[in-house]
There are 4 protein chains.
Amino acid sequence: MKRVTPLTEEQLIKRRESRRKQIVDAAFKVFALRGLNGAKMSMIAEEAGLSAGQLYRFFESKEELFTTLIQQAVLESTQGIEMIYQLPGSPFEKVHHFISYVMENKDAQYPFMLIHHAHTADDVPKEVNQLLQQFSVKRHIDLLLPLFEEGQQAGEFAQGDIRQLISALLTMLSAIMTFNMPIDNDHQMPDADMLMRIVAGSRK
Amino acid sequence: MKRVTPLTEEQLIKRRESRRKQIVDAAFKVFALRGLNGAKMSMIAEEAGLSAGQLYRFFESKEELFTTLIQQAVLESTQGIEMIYQLPGSPFEKVHHFISYVMENKDAQYPFMLIHHAHTADDVPKEVNQLLQQFSVKRHIDLLLPLFEEGQQAGEFAQGDIRQLISALLTMLSAIMTFNMPIDNDHQMPDADMLMRIVAGSRK
Amino acid sequence: MKRVTPLTEEQLIKRRESRRKQIVDAAFKVFALRGLNGAKMSMIAEEAGLSAGQLYRFFESKEELFTTLIQQAVLESTQGIEMIYQLPGSPFEKVHHFISYVMENKDAQYPFMLIHHAHTADDVPKEVNQLLQQFSVKRHIDLLLPLFEEGQQAGEFAQGDIRQLISALLTMLSAIMTFNMPIDNDHQMPDADMLMRIVAGSRK
Amino acid sequence: MKRVTPLTEEQLIKRRESRRKQIVDAAFKVFALRGLNGAKMSMIAEEAGLSAGQLYRFFESKEELFTTLIQQAVLESTQGIEMIYQLPGSPFEKVHHFISYVMENKDAQYPFMLIHHAHTADDVPKEVNQLLQQFSVKRHIDLLLPLFEEGQQAGEFAQGDIRQLISALLTMLSAIMTFNMPIDNDHQMPDADMLMRIVAGSRK
DNA sequence: GATGAATGAGACTTCATTCAT
DNA sequence: GATGAATGAAGTCTCATTCAT
């Protein structure tokens, strides 16, 4: 006769955390792809493999869930950008690597897409707006500034206002990631080489 | 008691058509800015200066309205692109003008934004999907092909696969127009000059 | 052939106001009898003779509806108490009349019941709490103070702390109204005479 | 590995009964304070120091639990009233003591509060309604009748219909206990002396 | 013909109740 | 036996669509 024993507390906590991760991952994806209003709690639940009601044992509301994700996205996007300094090669090569990496990894794109939705959606929780004001692109630009200054001095990058250059690059990257067009044979995303032309400056 | 002379049939038809145009214009704008789900019928009615009920005298449903607009957007985007041949100057200058024009004119952007929404929304009417498959970017690329071949031969444009180059440019343009981020001092949209670097090719 | 003409604007406004009154009256009753949580929007809608969705054309949310009613109840309860000075007779007779009137008129009781629910319910909107703090019983006591002083000096009322006496009377009145027990042959509400014994003081 | 000696059957039954009592006590309090709908099973479980699931090993449903409590409350309220004959002094003093005791002891109030909720809630199980009809206030009045007759004959109590007098007193008591208003400096509960004026009759 | 009021389907959220562990 | 995770029904709220006036 098999005796069924309750899980130990440790097991419970582990399970709970893994559940929570499931939800966060699912929500990350669904919110990134569909935005605040387009994402339905039922979609997130399905993506996470549970019922909608369960979400509320982990997050008080759709708003709180979204806010949590934005916090995480802000963090991850910053870390993703900081990563650029670990990449090998000259500034040009670093940036090139970075762009390639971001464009090829869905997971790397979600944070940027999420932040974009947070900027453009209609009824964003006010905590999110505060977050966005504090950790805006400005921060990302600041992070990249030394690298671009170095690149510019080395003659690898276009001359002109550096901050503007970085901002334009980031905007284009975000725009492309957000664009989210189902790629077919016709629609072709610009590749990293093309984007690097913006960074490097034109022949003309 | 005021006696109103009845309108002739022709006048009636005219009035009806002008009414319909009001609706289409309003819907164009609202759908372009807010997407299929974000746009509420009541918003469109208000933008058009009509009651919500009126919309249904011209379109059977929100879906039909959206479908109609997509048809028109496909048409207008094509016409917008054809316009490029009327612009003065070399191929490079033509493309530069075109990009500048599109980026500075809200109205010119609506068709592209609308098509983007049609591509990314989830519950798009199937007629719309058919339309998008038939009149895809492929068509736009075909239209621009001669111009870009000329530019390439003149050495103004980057070497390499032309179709890919055009596709990338169009995608970027759409992406930027769709990006729709509230511009602040931090977020800076790339300008036409920067985009032209993609077309012109890099120094490297 | 009968020509159906739209209502004039004036008619529309009238209809809208009458609708609103219907809702307010229904909500007043349902909230008074069942409290904030016990009252379902569908019950209010049914009592008002319309569908639940309609309520939202007049009030943004259940909370706003409740808050509006509390404002009105605070007003009405105060006016109801001020009314006591219009009643004929000595202070004792005035108070007696007042108690009788309140206990016999359902409508006169709703404001007090509503305020009671506002005090005791769980998730009261914060505007309501503010209101209750500003226009609390203190105000009612202040209003009745002159009358009770007069009655006490005339020897009609019990000696002792007047404010306490008034407060106790009001509390008992509220408690009785709120008690809301279905009256049967067994349960007998105390009548005005009995309550007046509290006011008048005991023989002992 | 720790070996636990199995409990004897008697011990098991004892444990089970103590468990059940925990639940009943917790539920008594929570239902008394919050009513049928305001009380959540999870609150009762927490108050009892158990998991929500456990409740269902003792009671089939919230309704059954509530019904059980009402049965007990009816019993306890009757016993509480019978207690009055054990109190010292004249009828007046007995009643005064009783009122003081009830007003000062939360635990003594729960049965009355519970019965009140049973009377006023909307979706009360029908068994409860039957119970309330069978063991209504009538019973309480019958119990107190001899005492009040004695008091009346002794001239301590007001003249008039005794049953009505008792009923009014009980109703007032219940109402006050149920009133449950957060006491502040403004709201002042009537005290036992004031209530005794109802019993004793007025000077007038 | 026009208006905006009314309905009903669907999304968010809570909680009694069941059930895997 | 116990726990707390999972479900589903019900309530609040929104909006496309219909319809009385």
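Remember, predicted model here, so these are calculated numbers, not experimental data. Proteins get letters first, then strands, A, B, ... in listed order; numbering begins at 1 in each.
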What is the distance from [atom1] of [X] to [atom2] of [N], rounded to the nearest Å?
X: A:F31; N: E:dC12; atom1: CZ; atom2: C1'; answer: 12 Å
X: D:Q22; N: F:dA2; atom1: CD; atom2: P; answer: 11 Å
X: A:F58; N: F:dG4; atom1: CZ; atom2: C1'; answer: 11 Å
X: A:I23; N: E:dT13; atom1: CD1; atom2: P; answer: 13 Å
X: D:D123; N: E:dA16; atom1: CG; atom2: P; answer: 12 Å
X: D:E64; N: E:dT17; atom1: CD; atom2: C1'; answer: 14 Å
X: B:F66; N: F:dT17; atom1: CZ; atom2: C1'; answer: 19 Å
X: B:M43; N: F:dC15; atom1: CE; atom2: C1'; answer: 10 Å

Point to revise | Within residues 34-54 of chain A or reaching into it, pairs that qualify as ring pair (Phe, Tyr, Trp, His ring centres under 6.0 Å) - sequence neighbours excluded | key: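 Those involving residues 34-54 of chain A do not exist here.
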Practice item. Sequence neighbours left out, what pairs pass ring pair (Phe, Tyr, Trp, His ring centres under 6.0 Å) with at least one residue falling in residues 39-59 of chain D? Key: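 Every candidate ring pair (Phe, Tyr, Trp, His ring centres under 6.0 Å) pair involving residues 39-59 of chain D fails, so no pair, neighbours aside, qualifies.
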Which residues share a side chain to side chain donor-acceptor pair (under 3.5 Å) with [X], sequence neighbours left out:
X: A:N37; answer: none
X: C:N129; answer: none
X: B:Q54; answer: none
X: D:K21; answer: D:D25

Practice item. Check DNA chain E against residues 44-55 of chain D and give the residues with a non-hydrogen atom under 4.0 Å, in numerical order. Key: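 Heavy-atom contacts with DNA chain E come from no residue of residues 44-55 of chain D; none.
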Review point. What pairs of residues pass the salt bridge (charged side-chain N to carboxylate O under 4.0 Å, His left out) test when at least one of them lies in residues 28-42 of chain D, not counting sequence neighbours?
Key: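 Qualifying pairs, neighbours excluded: C:D122-D:R34, D:K29-D:E47.
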**Study point:** OP1 or OP2 of E:dT3 under 4.0 Å from side-chain N/O of C:R16
**Key:**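 No, outside the criterion.
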Exercise for review: Look at A:R19 and F:dG4 and indicate whether a side-chain polar atom (N or O) is within less than 4.0 Å of OP1 or OP2.
Suggested key: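 The answer is no; no side-chain N or O of A:R19 sits under 4.0 Å from OP1 or OP2.
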List, one per line, each side-chain donor-acceptor pair under 3.5 Å for residues 63-70 of chain C, sequence neighbours excluded.
residue, atom, partner, partner atom, Å
C:E64, OE1, C:E60, N, 3.1
C:T67, OG1, C:E63, O, 2.8
C:T68, OG1, C:E64, O, 2.8

Practice item. Treat a base pair as Watson-Crick or G-U wobble with both distances under 3.5 Å, then lay out DNA chain E in dot-bracket form, 5' to 3', with | for cross-strand pairs. Key: .||||||||||||||||||||
Review point. For A:A32, does its backbone N or O pair with a side-chain atom of A:H117 as donor and acceptor, under 3.5 Å?
Key: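 Indeed, once roles are kept as given, a pair shorter than 3.5 Å links the two residues.
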Point to revise | Euclidean distance, B:R57 CZ relative to B:I23 CD1, rounded to 0.5 Å | key: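 Reported to 0.5 Å precision, the distance equals 9.5 Å.
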Give me, pair by pair, the N or O atoms of the protein and of nucleotides 10-12 of chain F that are less than 3.5 Å apart, along with how far apart they are.
residue, atom, partner, partner atom, Å
F:dT12, OP1, C:M41, N, 3.0
F:dT12, OP1, C:K62, NZ, 3.4
F:dT12, OP2, C:M41, N, 3.3

Exercise for review: Check side chain to side chain contact (heavy atoms under 4.5 Å, CB included) between C:D123 and all other residues, then give those that pass, not counting sequence neighbours.
Suggested key: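 Side chain to side chain contact (heavy atoms under 4.5 Å, CB included) list for C:D123, sorted by chain: empty.
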